[in-house]
Amino acid sequence: MGKLVCIDGNSILFRAFFALPPLTNQQGIHTNAVYGFTMMLLRILEEEQPSHIVVAMDKGKMTFRHETYADYKGKRDKTPSELSEQIPYLQQVLDAFQVCYVEVDQYEADDIIGTFVKEAEKQQMKSVVISGDKDLLQLVSPYTQVLLTKRGVTEVERYDEEKLAERYGLRPEQIIDLKGLMGDSSDHIPGIPGVGEKTALKLLKQYPSVEEVIAHVDELPGKKLQERVTEHQDLARLSKELATIYRQVPLSRSIDELKCLEPNYEKLRQIFQQLGFKTLLEKLAPNSIEEDQHIEMQNIPYQIVTQLDHSLEDQLQQQKTWALHAELTAENPHHATLLGIAISDGEHQYYFPVDAINYNQVLKQWIADDHSPKILFDSKQIEIALMRVDIQLNGIQEDILLAAYLLNPSEGTQNLSDVVSHYRPDLSLPQDEAVYGKGAKRKQLEGDQLAAHLARKTAAQYALVETLQTELAEKDLSELYQLELKLARVLAEMEFVGVKVDRGALELLGTEIKERVDQLYSEVMEIAGTTFNLNSPKQLGEILFDKLGLPVIKRTKTGYSTSADVLEKLAPQHEIVEKILLYRQVVKLYSTYIEGLRKELGDDDRIHTQFHQTIAATGRLSSSEPNLQNIPIRLEEGRRIRKIFVPSSSDQRILAADYSQVELRVLAQLSKDPTLLRAFQENRDIHTQTAMDIFSVTEDQVTSLMRRQAKAVNFGIIYGISDYGLSQNLNISRKEAQQIIDRYFETYPQVKEYMDNIIEQARKDGYVTTHLGRRRYLPDIHARNYNLRSFAERTAMNTPIQGTAADVIKAAMLAVHQQMQKEKLSSRMLLQVHDELIFEVPEQELSRMKELLCEKMEKPFETFGMEDFSIRLHVDISDGANWYEAK
DNA sequence: TTTGTCACG
DNA sequence: ACGTACGTGACAAAC
């Protein structure tokens, strides 16, 4: 049986638009109509509890009624743009609610609704129609009620036959007669001039239809009225016809297809976020989900296992899928200690305290079994923690963190609880912080409390998999997900191996740099004539600009800027500035690289960085504790830091393999610009070539200034160029910068075209993608705020380039690693620095490794049966006794 | 915790 | 007229 709800989309949207104040989201998009509509929808869903639901919309401007009456709806004002811009968002909201949205060429929403309702009646199904338009009252029947909006959007008046008789004294089918007589100004249905609602109702009481009224025109009260009816009888008949809902619209969907489905909460959350519907977002939040649907993961059953029993042993040997989590005392798996391991099969949860693991061979074997599939959250972290206690972790089938990252890399690292509320809002998992306390108050739980919390976590991991997999598949991210999963294994090994540091060299260099720091500090103090904290930009600003009266070039929001580019401009004016710049440079080396690295140096004389796979929105890795991706190289002074990074033993070398100009090559690949492609095919120095192209000179005419400028433009292009950005970088005027950019685009027209297209694509789809289909959403692409929008546009240009370069090196890492394993090489991959890979290599493997790296890095996708770039990737390889020498 | 600065690609 | 280069992490100072 069930109940069908039909919503008159246009009518409700209009109502909402005019009833609500002009709300906008942060990007300045109007949202009031969508907001009102959504409120109404929620209310209807709750109050009517429909089994089936549909939203009908008008389509296009012309309908079959125009053939009957050309002026139909003629008087109606054009839809304001503030309203029409909201329609795509309404569609997204409906899509998220999984509510059908029906529009049919040539027909209005009324007709669509009329047809559905008729179908429903045939099946003896009840219907409820929601509209602001009285026309719809003609659909009222014993099966069908009509809700008319009263004030606002959510307040409605319910009409059944009884109510209709009471309010108008009419039968439902007489509504069209009413319209025929009185017309409808909003639809520009004429009716009989001079006949309003009052007269029309009076007439219909006596003569039940337009036809009857006309037939008895002589009996009507008042000469004037008789004349009008006689004169305009055709108009009345026409008006009745226009007001009649056509109930045989050819529909592409049957009623069965309108079944109510569970909303897609993740999509709903996303769209509400985008539209800035804070209150609705909160409604979505776990604590207000309806009681009966909402599972507080408070009372997940668990068992603390200190000794395996046979039944559990059996379960573990069945090779079924379990969620697994290893609880650590700290975030950093290289330092943390393992507290215990929890597992869940979606029904049963078990917790093994660390002591119970060590002697438990069955458990260890299960953890190490490649054929026992496991669901983890941040598998790399756990794999490393387990490696440190000599437990092998295999069979990692899912990583919730990686999946969530790929679905929206802009969210940054999420904790499990966030992912749960994103993708399974019907569940709720307390935040770790809420359980453990944060910061200094963080405490270690024990016993039952810990086991209970871990039971919740593993159960949540289990519950998330299906949703995440579906979403990944929908967005064509499954293959990339498999790649990231495998990469996590490689990264775990790299981190676990670590990089050997020559402690003596570090101390020696440290002493030397410390002396320079102290020397420069006292020199600056002497010149300044007072002592102050040179590390404080605030105090330095006061000295430079107040005391010494140097000109202020740039300000920050808190005061004077003392950044390097400002100081460089001030250098000619005062001898102190040069010293300050030098001091800054040296103190950075000392604090960040000497002291910073010393702090991270373990008893094994190795540094174990962490690579983060889910931080950078472009798909790049990042590195921390310590960051080994920003070890100095540009200035000789700093570059010497690299001397402390050495191979594990003296018969090994450090080997560095770096892609030459990957990002520009990627740009050439993506844009297919012939001039750029040729430059790379001919293996030119790309910056010199660009200089020749944009300044129209021969190679020997390229000055170092021209090459420098060309190089800056090439970078600018990758970053999503702006004249201002380039002018800042090159210290030239904006106009000059613009001229250079114009010349660049004249030279490489397909690059220009590519940039325009990618922005267009971002506008259309709301996201951009990389070569492997990695997505980044850019909601600000529609922002009214110039800054936000420009930022999004530059991101749209940069992300496919930076992200594709990330795809390339990630694939290469896997290919290289796989080959190294195959050949049982004892070389080790140590670091990745965005476009280069660092290894330690025994002397006897050196030549093979170089071959292998060339092969695999230049064709990174071949190993995975994917097509490589048409453009050649070029890798430079060198080796040395330490990282410094490998240049 | 936020801000300014600077190291890298 | 707006006020920007893209992506990171670490440090010290100042709130």
Side-chain angles (χ1 to χ4, degrees), chain A residues 409-410 412 438-439 532-541 554-567 580-581 583-597 599-600 609-612 615-635 637-639 641-642 658-664 667 712-730 734 737 741 768 776 783-803 805-806 809 831-836:
Chain A
S410 305
K438 61 182 167 191
F532 66 97
N533 188 347
L534 190 44
N535 295 322
S536 158
K538 192 175 165 224
Q539 293 183 34
L540 175 60
K554 203 165 70 179
R555 285 179 177 279
T556 66
K557 46 184 144 174
T558 51
Y560 308 118
S561 170
T562 65
S563 62
D565 59 320
V566 169
L567 295 186
I580 295 168
L581 278 165
Y583 172 81
R584 281 255 177 94
Q585 193 192 318
V586 177
V587 84
K588 173 87 179 179
L589 290 181
Y590 191 71
S591 65
T592 303
Y593 297 103
I594 299 295
E595 291 200 300
L597 289 178
K599 265 184 261 166
E600 300 290 342
T609 186
Q610 291 184 74
F611 288 108
H612 303 284
I615 297 285
T618 53
R620 273 191 177 182
L621 298 179
S622 80
S623 152
S624 73
E625 294 182 84
N627 181 353
L628 291 186
Q629 289 182 322
N630 70 348
I631 303 301
I633 189 166
R634 291 172 190 168
L635 300 171
E637 189 74 13
R639 190 171 195 161
I641 299 281
R642 296 186 171 221
D658 66 288
Y659 281 110
S660 132
Q661 306 293 353
V662 238
E663 294 193 337
L664 284 173
L667 174 62
V713 183
N714 277 333
F715 273 106
I717 291 295
I718 291 169
Y719 294 156
I721 201 154
S722 73
D723 53 359
Y724 184 86
L726 185 64
S727 75
Q728 286 295 295
N729 192 294
L730 285 175
R734 234 165 99 163
I741 295 169
V768 291
R776 181 172 184 182
R784 292 211 171 179
N785 179 319
Y786 173 89
N787 273 327
L788 283 177
R789 190 175 63 249
S790 301
F791 193 15
E793 287 171 357
R794 291 196 295 272
T795 311
M797 296 189 260
N798 173 262
T799 294
I801 301 174
Q802 194 181 116
I809 196 162
L831 299 173
Q832 186 250 48
V833 194
H834 310 308
D835 64 355
E836 64 174 331

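Per chain, numbering begins at 1; letters A, B, ... match sequence-line order. Basis for what follows: all heavy atoms, side chains included, without hydrogens, waters or symmetry-related copies.
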| request: Kindly determine whether Arg776(A) and Thr618(A) satisfy side chain to side chain contact (heavy atoms under 4.5 Å, CB included), including the steps that lead there. | output: CA-CA 7 Å; Arg776(A) 181 172 184 182; Thr618(A) 53; 3.7 Å; yes
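- In this structure, Thr562(A) reaches the dT5(B) phosphate: one of its side-chain N or O atoms is under 4.0 Å from OP1 or OP2.
- If you measure from atom CD of Gln539(A) to atom C1' of dT5(B), you get 15 Å, rounded to the nearest angstrom.
- In this view, Ile615(A) and Thr413(A), His612(A), Ser622(A) satisfy the side-chain contact (heavy atoms from CB on, under 4.5 Å) rule, not counting sequence neighbours.
- Across the P atoms, dC2(C) and dC6(B) are found 27 Å apart, a figure rounded to whole Å.
- In this structure, OH on Tyr583(A) lies 10.5 Å from CG on Leu540(A), to the nearest 0.5 angstrom.
- Minimum heavy-atom separation, Glu663(A) to Ile718(A): OE1-CG2, 3.3 Å.
- Panel note: side chain Thr609(A), backbone Glu625(A); no donor-acceptor pair is recorded below 3.5 Å.
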Can you list, pair by pair, the side-chain donor-acceptor contacts under 3.5 Å of residues 626-635 of chain A, counting residues two or more places apart and other chains?
unit_1: Asn627(A); atom_1: OD1; unit_2: Gln629(A); atom_2: N; d: 2.7
unit_1: Asn627(A); atom_1: OD1; unit_2: Asn630(A); atom_2: N; d: 3.4
unit_1: Gln629(A); atom_1: OE1; unit_2: Ser623(A); atom_2: N; d: 3.4
unit_1: Gln629(A); atom_1: NE2; unit_2: Gln832(A); atom_2: O; d: 2.8
unit_1: Gln629(A); atom_1: NE2; unit_2: Gln832(A); atom_2: OE1; d: 3.2

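- Among the heavy atoms of the strands lying under 4.0 Å from Gly716(A) is at least one base atom, whether or not backbone atoms are also near.
- For Tyr560(A), the side-chain contact (heavy atoms from CB on, under 4.5 Å) test picks out Phe545(A), Asp546(A), Val552(A), Arg555(A), with sequence neighbours left out.
- Comparing the same atom, P, in dG4(B) and in dT4(C) gives a spacing of 12 Å after rounding to whole Å.
- Contact footprint of chain A on DNA chain C: nucleotides with an atom under 4.0 Å from a non-hydrogen protein atom, first to last in 5' to 3' order, dC2(C) to dC15(C).
- Stems are defined here as 3 or more consecutive Watson-Crick or G-U wobble pairs with pairing distances under 3.5 Å; those involving DNA chain C are B:1-9 with C:6-14.
- Between Ile580(A) atom CD1 and dG4(B) atom C1' the separation is 15 Å, expressed in whole Å.
- Note on Thr556(A): a side-chain N or O is less than 4.0 Å away from OP1 or OP2 of dG4(B).
- Nucleic acid contact class of Ile615(A) (heavy atoms, under 4.0 Å, all strands): sugar-phosphate only.
- The two atoms that bring Ala712(A) and Leu730(A) nearest to each other are CB-CD2, 3.6 Å, heavy atoms only.
- Residue-level contact check: Ala617(A) touches the backbone only, with heavy atoms under 4.0 Å from sugar-phosphate atoms and none from bases.
- Nucleic acid contact class of Ala806(A) (heavy atoms, under 4.0 Å, all strands): none.
- Residues from residues 792-799 of chain A that place a heavy atom under 4.0 Å from any atom of DNA chain C, listed by number: Arg794(A), Thr795(A), Asn798(A).
- If you check every strand for non-hydrogen atoms under 4.0 Å, Ser624(A) touches sugar and phosphate atoms only.
- When rounded to the nearest whole Å, the span between CG of Asn535(A) and P of dC6(B) equals 12 Å.
- A gap of 26 Å separates the C1' atoms of dA7(B) and dG3(C), to the nearest Å.
- Sequence neighbours left out, the pairs with a member in residues 787-796 of chain A that pass side-chain hydrogen bond (donor to acceptor under 3.5 Å, both in side chains) are Arg763(A)-Glu793(A).
- Residue Arg734(A) is the one, among Ser622(A) and Arg734(A), whose nearest nucleotide of DNA chain C lies closer to the 5' end (criterion: closest heavy atom).
- Put simply, the residue from Asn714(A), Ile801(A), Ile717(A) that forms a side-chain contact (heavy atoms from CB on, under 4.5 Å) with Leu664(A) is Asn714(A).
- Residue pairs meeting the salt bridge (charged side-chain N to carboxylate O under 4.0 Å, His left out) criterion with at least one partner in residues 713-723 of chain A, sequence neighbours excluded, are Asp723(A)-Arg734(A).
- Taking the side-chain contact (heavy atoms from CB on, under 4.5 Å) definition, one finds that Val586(A) meets it with Ile513(A), Arg516(A), Val517(A), Leu520(A), sequence neighbours left out.
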Under 3.5 Å between N/O atoms: give me all the protein pairs with nucleotides 7-9 of chain B, atom names plus distance.
unit_1: dA7(B); atom_1: N3; unit_2: Asn630(A); atom_2: ND2; d: 2.9
unit_1: dC8(B); atom_1: OP1; unit_2: Ile633(A); atom_2: N; d: 2.7
unit_1: dC8(B); atom_1: OP1; unit_2: Arg634(A); atom_2: N; d: 2.8
unit_1: dG9(B); atom_1: OP2; unit_2: Arg634(A); atom_2: NE; d: 3.4
unit_1: dG9(B); atom_1: O3'; unit_2: Asp835(A); atom_2: OD1; d: 2.6
unit_1: dG9(B); atom_1: O3'; unit_2: Asp835(A); atom_2: OD2; d: 2.9
unit_1: dG9(B); atom_1: N7; unit_2: Arg634(A); atom_2: NH2; d: 3.1
unit_1: dG9(B); atom_1: N2; unit_2: Arg620(A); atom_2: NH1; d: 3.1
unit_1: dG9(B); atom_1: N2; unit_2: Arg620(A); atom_2: NH2; d: 3.4
unit_1: dG9(B); atom_1: N2; unit_2: Gln802(A); atom_2: NE2; d: 3.4
unit_1: dG9(B); atom_1: N3; unit_2: Arg620(A); atom_2: NH1; d: 2.9
unit_1: dG9(B); atom_1: N3; unit_2: Arg620(A); atom_2: NH2; d: 3.1

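- Residue Thr558(A) has a polar side-chain atom (N or O) positioned under 4.0 Å from OP1 or OP2 of dG4(B).
- Taking the side-chain contact (heavy atoms from CB on, under 4.5 Å) definition, one finds that Ser591(A) meets it with nothing, sequence neighbours left out.
- What separates NZ of Lys538(A) from P of dT5(B) is a distance of 14 Å, to the nearest Å.
- Residues passing the salt bridge (Lys or Arg N to Asp or Glu O under 4.0 Å) test with Lys538(A): none are found, sequence neighbours excluded.
- Scanning all heavy atoms of the two residues, the minimum distance from Asp565(A) to Lys554(A) falls at OD2-NZ, 3.3 Å.
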